[in-house]
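Okay, structure first, notes after.
Letters go in sequence order (proteins before strands), and every chain restarts at 1. Both backbone and side-chain heavy atoms feed into the values below; hydrogens, waters and symmetry mates do not.
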2 protein chains.
Amino acid sequence: MYGQIEKVISSFIDLDKSEFDYFTSKLQVKHLKRKELILSEGQVCSNSYFINKGCLRYFYNVNGEEVTGQFFFENGWYADFGSYLSGKPSDQNIEALEKTELLVLPKAVLDKLFIEIPKFEKFGRLIAEKAFLGIRQYTEMLTKQTPEERYLNLIKERPKVIERIPQHYIASYLGIKPPSLSRIRKRILDNK
Amino acid sequence: MYGQIEKVISSFIDLDKSEFDYFTSKLQVKHLKRKELILSEGQVCSNSYFINKGCLRYFYNVNGEEVTGQFFFENGWYADFGSYLSGKPSDQNIEALEKTELLVLPKAVLDKLFIEIPKFEKFGRLIAEKAFLGIRQYTEMLTKQTPEERYLNLIKERPKVIERIPQHYIASYLGIKPPSLSRIRKRILDNK
DNA sequence: TTCATTTCTTAACTTGGGTTAACGTTTAGT
DNA sequence: ACTAAACGTTAACCCAAGTTAAGAAATGAA
């Protein structure tokens, strides 16, 4: 149950066994069905989530249409950082795309850990920095690449997304509509 | 010289006079001509910059073309956070768009301040969080809005950009080309 | 003030994504 | 294994942004 999160945390900071056990004792396990939401817009994001198994996607509702922001897989973390930090309602929705098992880390617990085990502050900072770099990479993809380049790059860099995520969500993530992605796929096939 | 930065820092953390004087004693002043670069791609960003007067823009070179990422004005901070944190070469170029006066805060100085005056850690975290929220807002603008909506929103939310920045840089920032921005402006005028 | 440079607009044409709707395929859940 | 729901592709048409090039206007540096 806690093997994966232990590996990930160890890659950030060194904890001895008692510290780690104390940490895991504060986690909650959550099982999600396909399409089940953990966070809806308007709610405050007061947890962060570690993915043991399955995958998540977050999306915005824009004029009644879903705009996909990102996908997360095993060993990934998710929180709506904006809402989490500010305590303001989130404008994101987050749902499971497969049967998913999460470890839930409430903000109150992490805030307490910052004080009780100061090493966790470094962990918090590194997670935040990773979040920043992640969104910057996505932004650069949008600003520097054409939709076709984005798709080709996704195949190369994140094959998991291609394999496990339905095409219309991928289209939305790439900033285009499903028929466009179909045409791009056809164009790529024709040019081979 | 240090009046503006004092106000901004005070809005984040409380410093007494000696602490603040110690801080400012570590700052360098830098004057830039219009179009002068402070950072070019390939260099490591090992300073952060506070703008006393003037404005900055950062951009990427993509296939020989400039893609504008953001504008910064008086009392704003700039650093290429990715390069600053990782120590890796930046892919950003940053230039002054007007005669500009900067206060330069070297990374080594801030790192030392984290240790000597722990209150500065909070300052560092808040700056990082602000950077994250800033880029997320930009990303949401790109994913949720049409170019025309982006321009109308810019007029409303950041009139300084409209007033002080040449149109072709604004176009690039909005993710479009100058003729498109001209057409959008015409469309808006015609519908009034 | 002058003049080179930068900036903005416009026009004509191209390109590629959006829209809608239909159809066929795949998949999840029972 | 069956069925309803979800998903992917295609076609026809529309429309906005890209491209290129030309010329006008604004601006900054001397």
Partners meeting salt bridge (Lys or Arg N to Asp or Glu O under 4.0 Å) with A:Glu66 (sequence neighbours left out): A:Arg57
For B:Tyr60, side chain to side chain donor-acceptor pair (under 3.5 Å) partners two or more places apart: A:Glu140, B:Gln92
Nearest non-hydrogen partners of B:Glu101 and B:Val29, listed with the distance: CG-CG1, 4.1 Å
Salt bridge (Lys or Arg N to Asp or Glu O under 4.0 Å) against B:Lys26, all qualifying residues, sequence neighbours excluded: none
Angle of first-five versus last-five pair axes in the helix from C:dT1-D:dA30 to C:dT30-D:dA1, to 10 degrees: 70°
Contacts of type ring-ring contact (aromatic ring centres under 6.0 Å, His included), residue B:Tyr49, not counting sequence neighbours: none
Sequence-aligned protein contact record of nucleotides 15-30 of chain D, with B where the base is within under 4.0 Å of a protein heavy atom and S where only the sugar-phosphate is: --BBBB-------SS-
Between C1' of C:dG16 and CD of A:Gln145, the distance in whole Å: 17 Å
Counterpart residues, side chain to side chain contact (heavy atoms under 4.5 Å, CB included), relative to A:Pro106 (two or more places apart): A:Gln28, A:Asn47, A:Val109
Residues from residues 155-172 of chain A lying under 4.0 Å of DNA chain D - heavy atoms: A:Pro166, A:Gln167, A:His168
Partners meeting side chain to side chain contact (heavy atoms under 4.5 Å, CB included) with B:Gln137 (sequence neighbours left out): none
Rounded distance in Å - CD (A:Glu36) to C1' (C:dA28): 16 Å
Partners passing side chain to side chain contact (heavy atoms under 4.5 Å, CB included) against A:Phe81 (at least two apart in sequence or in another chain): A:Leu85, A:Ala128, B:Phe132
Residue list, salt bridge (Lys or Arg N to Asp or Glu O under 4.0 Å) with A:Arg164, at least two apart or on another chain: A:Glu74, A:Glu98
Phosphate-side-chain proximity, B:Arg185 and C:dC8, N/O vs OP1/OP2 below 4.0 Å: no
Of all pairs that satisfy side chain to side chain donor-acceptor pair (under 3.5 Å), the ones with a partner from residues 1-15 of chain B, not counting sequence neighbours: B:Gln4-B:Asn75
